[in-house]
There are 4 protein chains.
Amino acid sequence: MLIHLDLEASDPIYNQLKNQIIAGIAKGELVPGERLPSVRALAQDLGINLHTVNKAYQQLKQDGFILIHRQKGVVVQPDGFPEADEEYWQGLQKTLHPLIAEAVCRGIKREEFVDLCSEIFKEFEKQGGK
Amino acid sequence: MLIHLDLEASDPIYNQLKNQIIAGIAKGELVPGERLPSVRALAQDLGINLHTVNKAYQQLKQDGFILIHRQKGVVVQPDGFPEADEEYWQGLQKTLHPLIAEAVCRGIKREEFVDLCSEIFKEFEKQGGK
Amino acid sequence: MLIHLDLEASDPIYNQLKNQIIAGIAKGELVPGERLPSVRALAQDLGINLHTVNKAYQQLKQDGFILIHRQKGVVVQPDGFPEADEEYWQGLQKTLHPLIAEAVCRGIKREEFVDLCSEIFKEFEKQGGK
Amino acid sequence: MLIHLDLEASDPIYNQLKNQIIAGIAKGELVPGERLPSVRALAQDLGINLHTVNKAYQQLKQDGFILIHRQKGVVVQPDGFPEADEEYWQGLQKTLHPLIAEAVCRGIKREEFVDLCSEIFKEFEKQGGK
DNA sequence: GTGGTCTAGACCACC
DNA sequence: GTGGTCTAGACCACA
């Protein structure tokens with residue numbers, strides 16, 4: 001799985017890394033139980049500090065996306081991912097709200113916005129083949 | 001128009017302020033040409049720092065949502081808001097991508113996600129005319 | 001409130017710090033809403049690195065014992081502490097189990113063990129006066 | 001006697017192993033003089049590293065719970081277990097202190113805590129004779 | 001001045 | 001070899 005980081009972006013590196021791993025899982029490129037590179041290996045691979053990788057891993061572990069296994073190292077959570085509870089929905093709503101407010105101001109219609117979302121969803125629904 | 005700030009949130013105050021003003025515009029609570037409170041007045045009203053209000057206003061001006069007249073004070077952009085250009089769409093896509101990736105991992109279906117978006121859109125469409 | 005760290009102990013410094021702050025809260029020495037020193041100030045005070053203090057603070061925040069307020073800085077959670085949910089009870093049971101197993105082997109009676117616990121509890125029940 | 005290890009836990013494997021053997025002794029499932037599996041046999045049985053089992057055994061020997069004979073193999077200490085000296089009590093107190101502090105913060109009453117301890121004790125008192 | 005992020009290098013516990 | 005901890009110094013966003 002390819003990971004591309006933009007070291008100039010305002011989005012922190014550890015967050016970009018975290019997001020790309022989640023995207024990898026969503027796309028099915030990373031399957032539950034699969035092993036991820038060690039912090040050191042990934043850090044060297046990406047040319048970043050090991051602590052930055054570690055921070056991403058710690059948050060993914062905290063969020064229930066990966067496990068840190070004594071023997072197997074870091075692996076994608078094999079026992080199902082955390083459900084979308086009420087708290088998550090509220091957070092999502094809070095995140096989308098300002099996004100949509102600005103979109104409305106810029107004259108974007110509901111259909112256009114929804115189409116964009118659907119397009120992004122499609123990217124993750126190819127899971128049959130891969 | 002009521003503004004509510006969460007001083008404990010990780011989202012910076014100036015950004016919350018900016019978002020709420022944009023939401024006010026999207027809802028039609030703030031109409032083009034309408035005058036906004038001065039930096040000083042708003043800062044005192046909200047009990048926050050002058051610089052914080054100023055930063056929000058500067059960014060809103062930069063994004064084309066308000067005008068800052070030396071005499072008339074601060075007014076909502078009367079000559080139409082900036083359009084959604086290609087750059088904006090790309091930014092929106094980049095923002096939505098990780099959000100949707102996580103939603104997919106948590107088992108949320110496209111339809112559920114779109115429904116949430118539509119519900120938020122409704123909040124901004126109650127205004128009849130505008 | 002006095003904080004004493006044992007830099008030689010196997011228990012990580014950030015954990016000692018975390019525990020002492022929790023103890024301070026339990027004793028009533030730190031009251032909800034009270035301000036804690038900044039990471040830098042406390043780090044210098046204790047002669048340790050600011051990241052170590054930060055780690056303790058982050059975990060306390062994560063566990064709901066403190067808030068990191070935009071203006072007031074770091075404060076003891078004013079809106080009530082996290083409840084003891086099922087998960088917490090299970091964790092506590094898991095922690096106590098091996099402790100009690102060893103105590104049994106060493107011939108300690110239930111009464112003796114419970115007395116020790118009660119004595120420790122007393123330390124936190126002085127809250128009327130302070 | 002069944003041993004269950006959680007390879008994902010933060011508690012090191014050797015420690016889990018050690019604790020479960022102590023628990024086995026406390027419950028009377030392992031009686032003084034009884035032979036334990038060899039390092040090699042147990043490691044293979046549990047699917048873990050030789051060194052891990054060895055470390056657990058060494059610590060148990062150090063703490064006086066087992067003997068390691070070059071010929072008879074590994075046996076549960078037949079001549080009585082180490083007493084609970086002053087040092088042990090102090091260590092126990094130090095371990096319980098932060099546990100109880102957190103419990104107090106979470107609103108747990110002394111009685112509830114003591115009840116939990118008593119319940120765990122019961123688990124070890126089913127043995128009639130010992 | 002605050003906390004947040006990133007880098008770099010070191011030591012240790014664990015396996 | 002792995003991850004966990006600690007230190008140190010730097011820069012930036014925020015208020």
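None of the values given here were measured: they were computed from a predicted structure. Naming convention: chains lettered A, B, ... in sequence-line order (proteins, then strands); numbering from 1 in each chain.
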Under-3.5 Å N/O pairs linking protein and nucleotides 9-12 of chain E:
from  : atom 1 : to      : atom 2 : distance (Å)
E:dG9 : O6     : A:His51 : NE2    : 2.8

Let me know the distance between [atom1] of [X] and [atom2] of [N], rounded to the nearest Å.
X: C:Gln71; N: E:dG1; atom1: CD; atom2: P; value: 19 Å
X: B:Ile13; N: E:dT2; atom1: CD1; atom2: P; value: 17 Å
X: A:Lys55; N: E:dT7; atom1: NZ; atom2: C1'; value: 13 Å

Nearest 0.5 Å, please: how far is CD in B:Gln16 from CG in B:Leu5?
5.5 Å
For the CD1 atom of B:Ile21 and the CD1 atom of B:Ile3, what is their distance to the nearest 0.5 Å?
5.0 Å
For Watson-Crick and G-U wobble pairs within 3.5 Å on both distances, what is DNA chain F written in dot-bracket notation, | included for inter-strand pairing?
||||||||||||||.
Proximal nucleotide (of [options]) relative to the [X] side chain:
X: C:Lys61; options: E:dG4, E:dG3, E:dC15; answer: E:dG4
X: C:Ser38; options: F:dT7, E:dC6, E:dG3; answer: E:dG3
X: D:Pro12; options: E:dT2, E:dC14, F:dG4; answer: E:dC14

Validate the cation-pi geometry between B:Arg106 and A:Tyr88: distance from NZ or CZ to the six-membered ring centre under 6.0 Å, angle to the ring axis within 45°.
yes
Using a 4.0 Å heavy-atom cut-off, does D:Ile48 contact any base of the nucleic acid, only the sugar-phosphate backbone, or nothing at all?
nothing
For [N] and [X] - does any side-chain N or O of the residue sit under 4.0 Å from the phosphate oxygens OP1/OP2?
X: C:Tyr14; N: F:dT5; answer: yes
X: C:Thr52; N: F:dT7; answer: yes
X: C:Asn54; N: E:dG4; answer: yes

With D:Asn54, which residues qualify under side chain to side chain donor-acceptor pair (under 3.5 Å), at least two apart?
none
Does B:Asp6 pair with C:Arg70 as a salt bridge, N-O distance under 4.0 Å?
no
Hey, are the side chains of C:Ile120 and D:Gln93 touching, using non-hydrogen atoms and a 4.5 Å cut-off?
yes
